[in-house]
Amino acid sequence: MFAKEKTIMEEDCVRFICKRTVVSTRSIEPGRLYKFSVLDHVMEPNHIRLVYYYRSSKTREPGEITKKLRESLAYTLNCYPIVTGRLVKETDGKEEKEDVNPRWKVKSNDAGVRMVEARAAGSVEEWLRSVNREEELKLVHWEDMYQLHYYWSTFNVQVTEFESGGLAIGLSCSHLLADSVCAMMFIRAWADLTLSRSMMAPPIFHPLPPRRFVNERVISNNQLLSQYIKSCSLMVSPSNVTEDHMVTVTLLFPDPLVRAGDNEPGISTFEILAGLFWICVSRAKGKRNELMDMSLCLDVRKLLRLDQSYFGNCMVYHKVPYSKPVKTKDKMLLLFHAVEEIQNITKRLDYDTVMDLIEWLGSNNNGAISNGSDLVCTNLENMSHPRPMMFEEDLVLSHVSCYVKGPVAGGGQVIVLPSPSGKGQKSRVVMVSLPEREMVKVVEDELLLSFSPVVIMKNTKQI
């Protein structure tokens with residue numbers, strides 16, 4: 001039955017059936033302009049790609065679940081007018097002459113989101129056992145903007161049905177509109193609406209906290225602000241590491257805190273894993289008694305007293321200053337030294353520190369942030385939820401992949417995610433993207449192996 005369906009493109013085991021535009025079911029206020037925050041603007045050249053894998057115990061007709069998801073997506077979009085609008089640099093059809101460099105806004109016109117429908121050979125379980133980075137990215141549609149920005153969809157959805165059972169849902173979006181937390185909350189809202197016809201956590205649209213009165217002394221001591229002043233002044237250029245040389249490996253850590261020794265109070269799972277990969281990647285790059293430059297990507301919604309459903313960019317990049325080299329053969333002593341350096345950042349990051357940054361960005365015409373060749377470690381472990389993310393009762397979430405592409409990605413990425421249900425509350429999934437020559441060394445590092453990680457996805461055929 002699958003072979004009789006007409007395809008518009010065929011690449012290996014993924015067959016692309018068609019591309020549609022899905023619009024909301026409810027009329028919206030036409031012409032309304034949505035302005036971006038200063039944290040949005042510095043993320044403009046980047047984009048996010050997510051892939052959600054679902055196992056299925058039910059046999060369906062080809063296209064049946066895709067049709068249902070397409071219909072529920074239209075209802076979900078009723079709550080996301082900024083997603084269905086289009087980017088403009090105009091007001092009422094006229095160029096903003098008061099701005100020398102007018103910035104992007106979204107004009108509400110319900111132009112919709114792009115939705116690609118596809119089919120893949122085998123089952124989702126078979127796919128996960130053999131997929132590599134290049135194949136996985138075929139499950140999430142993305143289009144560069146080029147010139148016709150008014151016709152360009154900032155959000156794209158791809159639904160891929162596996163012939164022998166299972167489903168993959170891919171979401172890509174411009175980082176100008178949303179961060180990874182927003183993108184994941186969008187998928188959850190869509191799932192809730194599909195399963196229960198109600199949205200448990202609808203998006204919240206409002207500005208960042210208002211400006212305060214501050215003094216220059218406070219700002220001058222702000223390491224986060226100093227990093228952004230330096231990073232935003234860098235010329236954004238393609239990374240010196242080409243995509244062809246990047247590979248991704250996904251690992252499950254059953255209980256990193258126990259492996260590290262949970263007698264150390266106040267240490268989080270993310271801090272342990274960030275320290276672990278900071279050391280291992282530094283070694284892979286040839287560092288001996290020192291650590292490479294690393295930036296942490298941290299969600300600051302809670303610090304700014306915002307709800308997790310706040311829609312917009314609310315994650316910041318904070319470089320971890322490496323104070324002094326440590327000469328020791330004790331691998332755990334070295335790890336805890338790295339964790340201590342990380343804690344100096346995570347424990348001191350507070351409301352005023354972030355607001356200093358927001359206010360400085362609001363008073364200066366800044367470019368996009370670039371992390372250069374830093375290792376970037378992103379904390380998404382707070383995206384765990386007691387309620388499973390389910391589109392249908394028989395569709396069980398088995399894995400989530402997350403990619404951030406652009407100048408903020410640095411020279412390598414470590415993304416810490418919650419583990420699938422049933423793997424233990426303290427376990428974590430870590431996606432590591434590095435140049436291939438470095439990845440080979442990292443996965444063989446004795447410190448990493450001492451944590452007994454389980455390979456979930458080996459997204460390269462060479463490792």
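FYI, side chains are in, hydrogens and waters are out, and symmetry mates aren't considered; it's all heavy atoms of this structure. Starting from 1, each residue takes its place in the sequence as its number.
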Check your understanding: Is there a donor-acceptor pair closer than 3.5 Å between any side-chain N or O of Asp445 and the backbone N or O of Val442?
Key -> no

Practice item. Indicate whether any N or O donor in one side chain lies under 3.5 Å from an N or O acceptor in the other, for Ser164 and Glu126. Key: no

Point to revise | From Ser72 atom OG to Phe391 atom CZ, the distance as rounded to the nearest 0.5 Å | key: 7.0 Å

Check your understanding: Does Leu395 reach the side chain of Leu167, with side-chain heavy atoms less than 4.5 Å apart?
Key -> yes

Exercise for review: Ignoring hydrogens and angles, tell me if any N or O in the side chain of Gln343 forms a donor-acceptor pair with the backbone of Gly266 under 3.5 Å.
Suggested key: yes

Review point. Angle class for the Phe311/Phe205 ring planes (parallel below 30°, perpendicular above 60°, tilted otherwise)?
Key: tilted

Review point. Should the heavy atoms of other residues, nucleotides or ligands under 6.0 Å from OH of Tyr75 be counted, would the total exceed 12?
Key: no

Review point. Glu143 and Ser153: side-chain donor and acceptor closer than 3.5 Å?
Key: no

Check your understanding: Does the side chain of Ile279 reach to within under 4.5 Å of the side chain of Lys331, using non-hydrogen atoms?
Key -> no

Exercise for review: Check the pair Leu434, Leu375 against side chain to side chain contact (heavy atoms under 4.5 Å, CB included), reporting the backbone distance first and the verdict last.
Suggested key: CA-CA 9 Å; Leu434 292 168; Leu375 177 67; 4.3 Å; yes

Review point. For the residue pair Ala284 and Glu438, what are the closest heavy atoms and their distance?
Key: CB-O, 3.6 Å

Check your understanding: If you take all heavy atoms of Thr154 and Trp142, which pair is closest and at what distance?
Key -> O-CZ3, 4.3 Å

Practice item. Take the angle between the ring planes of Phe186 and Trp190 and call it parallel below 30°, perpendicular above 60°, tilted in between. Key: tilted

**Study point:** Min side-chain heavy-atom separation Leu177-Phe36 under 4.5 Å
**Key:** yes

Study note, to complete from the structure: When every non-hydrogen atom of Asn371 is compared with those of Val408, the smallest separation belongs to ND2-O, 2.7 Å

Exercise for review: Show the numbers, then the answer: is there a side chain to side chain contact (heavy atoms under 4.5 Å, CB included) between His206 and Tyr310?
Suggested key: CA-CA 8 Å; His206 58 66; Tyr310 167 81; 3.7 Å; yes

Review point. Just by distance, do the side chain of Asp179 and the backbone of Cys314 share a donor-acceptor pair under 3.5 Å?
Key: yes

Exercise for review: Report the distance from atom CZ of Arg188 to atom CE of Met383, rounding to the nearest 0.5 Å.
Suggested key: 7.5 Å

Exercise for review: Tell me, with the steps shown, if Lys58 and Glu392 meet salt bridge (charged side-chain N to carboxylate O under 4.0 Å, His left out).
Suggested key: CA-CA 10 Å; Lys58 181 179 177 180; Glu392 292 270 81; 5.0 Å; no

**Study point:** Pro81 and Tyr34, any side-chain heavy atoms less than 4.5 Å apart
**Key:** yes

Check your understanding: Under the side chain to side chain contact (heavy atoms under 4.5 Å, CB included) criterion, do His399 and Thr250 qualify, and how do the steps go?
Key -> CA-CA 10 Å; His399 181 70; Thr250 306; 3.5 Å; yes

Review point. How long is the gap from CZ on Arg305 to CG on Asp307, to the nearest 0.5 Å?
Key: 15.0 Å

Check your understanding: Any sub-3.5 Å donor-acceptor pair from His141's side-chain atoms to Asn156's backbone N or O?
Key -> no

**Study point:** Reported CE-to-OG distance for the pair Met200 and Ser309, which is rounded to 0.5 angstrom
**Key:** 12.5 Å

**Study point:** Any donor-acceptor N or O pair under 3.5 Å, side chains Thr160, Arg119
**Key:** no

Check your understanding: Taking C-beta and beyond as the side chain, do Asn379 and Asp299 meet within less than 4.5 Å on heavy atoms?
Key -> no

Review point. Taking Asn222 for the side chain and Leu224 for the main chain, is one N or O donor matched with an acceptor at less than 3.5 Å?
Key: yes

Review point. Cation-pi between Arg428 and Phe270: NZ/CZ under 6.0 Å from ring centre and within 45° of the ring axis?
Key: no

Point to revise | Steps toward ring pair (Phe, Tyr, Trp, His ring centres under 6.0 Å) verdict (Phe155, Tyr80) | key: CA-CA 11 Å; Phe155 272 64; Tyr80 289 87; 7.7 Å; no

**Study point:** Partner residues of Arg20 under the side chain to side chain contact (heavy atoms under 4.5 Å, CB included) criterion, sequence neighbours left out
**Key:** Cys18, Arg70, Glu117

Check your understanding: With a 4.5 Å limit on heavy-atom distance, are the side chains of Leu87 and Met145 in contact?
Key -> yes

Check your understanding: Is the shortest heavy-atom distance from the side chain of Leu137 to the side chain of Lys405 under 4.5 Å?
Key -> yes

Review point. Say you draw a straight line from CH2 of Trp278 to SG of Cys377; how long is it, rounded to the nearest 0.5 Å?
Key: 10.5 Å

Point to revise | Side-chain donor/acceptor of Thr353 to backbone N/O of Leu349, under 3.5 Å | key: no

Practice item. Flag the pair Glu71 and Lys67 as a salt bridge only when some basic side-chain nitrogen lies within less than 4.0 angstrom of an acidic carboxylate oxygen. Key: yes

Point to revise | Member of Arg133, His47, Glu136, Gln413 meeting the side-chain hydrogen bond (donor to acceptor under 3.5 Å, both in side chains) criterion with Tyr403 | key: Glu136

Review point. Going from CG on Leu397 to OH on Tyr53, what distance comes out if it is rounded to the nearest 0.5 angstrom?
Key: 11.5 Å

Check your understanding: Strictly by modelled atom types, are Asp40 and Ser37 linked by a side-chain donor-acceptor pair under 3.5 Å?
Key -> yes

**Study point:** Thr21/Arg114 under side chain to side chain contact (heavy atoms under 4.5 Å, CB included): CA gap, chis, key distance, verdict
**Key:** CA-CA 5 Å; Thr21 298; Arg114 300 284 186 262; 3.0 Å; yes

Check your understanding: If every non-hydrogen atom of Glu135 is compared with every non-hydrogen atom of Cys13, which pair is closest and at what distance?
Key -> OE1-SG, 3.9 Å

Check your understanding: Should Glu161 and Arg60 count as an ion pair when the cut-off is N to O under 4.0 Å?
Key -> no

Point to revise | Closest approach of Ser433 to Thr248 (non-hydrogen atoms, all atoms of both residues) | key: OG-OG1, 2.8 Å

**Study point:** Chi angles and distances behind the side-chain hydrogen bond (donor to acceptor under 3.5 Å, both in side chains) call for Thr269, Glu381
**Key:** CA-CA 9 Å; Thr269 307; Glu381 64 177 357; 4.5 Å; no

Exercise for review: Identify the heavy atoms of Leu73 and Met115 that sit nearest to each other, and give their distance.
Suggested key: CD2-SD, 4.2 Å

Practice item. Go through the steps to decide whether Tyr228 and Trp360 satisfy the test ring pair (Phe, Tyr, Trp, His ring centres under 6.0 Å), and finish with yes or no. Key: CA-CA 10 Å; Tyr228 270 75; Trp360 180 83; 8.3 Å; no

Review point. Is there a donor-acceptor contact under 3.5 Å from the side chain of Ser282 to the main chain of Met292?
Key: yes

**Study point:** Backbone N/O of His175 and side chain of Asn313: donor-acceptor pair under 3.5 Å
**Key:** yes

Check your understanding: Gln223 versus Asn344: any side-chain heavy-atom pair under 4.5 Å?
Key -> no

